[in-house]
Student: 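Handing you this structure, nothing more for now.
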Amino acid sequence: MTPYYTDSHTTLYLGDSREVLPALDLTADAVITDPPYGETSLAWDRWPAGWLEVAAATAPALWCFGSWRVFGPRWHEFTEAGWKFAQDVVWEKHNGSGFASDRFKRVHETVTHWYQGAWADVHHAVPRIAGGEPRRGVLRAGRDPKHHGAQRASVDVRDGTILVRSVLYARSMHGSAVHPTEKPVKGLLEHLVAYSCPLGGLVLDPFAGSGSTLVAARESGRRSIGVEASEEYAELAAKRLSEIDAQPALPFEVTA
Ligand SMILES: C[S@@+](CC[C@H](N)C(=O)[O-])C[C@H]1O[C@@H](n2cnc3c(N)ncnc32)[C@H](O)[C@@H]1O
């Protein structure tokens, strides 16, 4: 299959990901995607039936953007495709995306994290950011290890960093977006990439849009494959990626 765009880290295909991905027969570390939820009047905004099975055949972990209006009715589609729920994070925006006078002003979106197989086999490295002392004390010697376990001990590292929180604040792309539902790289996608894919690993976005996930992977030293059904958006993604590829590669771990 001929890519629409390729560079040292990234390959983008133009087409329906439910057809492209089975043909590629690849294995990725994680799918990180923002699918069409079917919540707007945009022409492409139709939930693509069957995509969760295709994603499950491709990677052991999935981050999926959405809202509880999407996840609630479709929860069984995730589990029937083999996905087990791991956690959710909230993207807190600086402004709202839709307003209704009879609801709270909505300034967030949800990202759900799913996995298959054994949790221990799924790459999960919570990014740490500069943050001074952690809020809780270190585990004292002799404390019952069953009480908090090894996970707690790793939280309490006094090295001047803290775990990235599950509520991620990042300004929305309002005003600068090239895609109507573009997601921010900095402060949002970069953390999902760093969490679920090792350096040099492979991220997949079956609904690439303007290529934000691919840009986050590229800037974090990860490889990525994207699929986008619209040539207009594929072209925007290719343009963004080619501008990054013109810069020297920076294969460092994202920490902030
Ligand atoms: C919510 S948008 C993703 C936007 C992206 N997160 C960004 O930051 O630009 C979903 C995208 O999926 C594309 N799409 C819809 N159905 C598709 C399919 N079956 N295969 C591949 N892409 C599809 C749409 O054209 C749209 O650009």
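The analysis underlying the following values was restricted to heavy atoms, covering all of them including side chains, and did not include hydrogens, waters or symmetry mates. These numbers come from a predicted model, not from an experiment.
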Student: Side chains of L12 and L214, heavy atoms from C-beta outward: is any pair under 4.5 Å?
Tutor: yes
Student: Counting the benzene-type ring for Trp, do W63 and H191 have ring centres under 6.0 Å apart?
Tutor: no
Student: Is it true that E53 and R18 have a side-chain N and a carboxylate O under 4.0 angstrom from each other?
Tutor: no
Student: Ignoring hydrogens and geometry, is there a side-chain-to-backbone donor-acceptor pair from H9 to R222 under 3.5 Å?
Tutor: no
Student: Hydrogens and angles aside, do E235 and Y4 bring a side-chain donor and acceptor to less than 3.5 Å of each other?
Tutor: yes
Student: Would you find a donor on one side and an acceptor on the other, under 3.5 Å apart, between the side chain of T6 and the backbone of P3?
Tutor: no
Student: My understanding is that only one of V227, T213, V203, D205 makes a side-chain contact (heavy atoms from CB on, under 4.5 Å) with T33; could you say which?
Tutor: D205
Student: Determine whether the aromatic ring centres of Y195 and H113 lie less than 6.0 Å apart.
Tutor: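 Ring centres of H113 and Y195 closer than 6.0 Å.
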Student: For R218 and S224, which I'm curious about, is there any donor-acceptor pair between the side chains at under 3.5 Å?
Tutor: no
Student: Check whether any side-chain N or O of E182 sits under 3.5 Å from a backbone N or O of V178 as a donor-acceptor pair, and report yes or no.
Tutor: yes
Student: Before we go on, tell me: are the rings of W51 and F207 under 6.0 Å apart, centre to centre?
Tutor: yes
Student: With no hydrogens and no angle check, is any side-chain donor or acceptor of Q116 less than 3.5 Å from a backbone partner on A59?
Tutor: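 Yes: the side chain of Q116 pairs with the backbone of A59.
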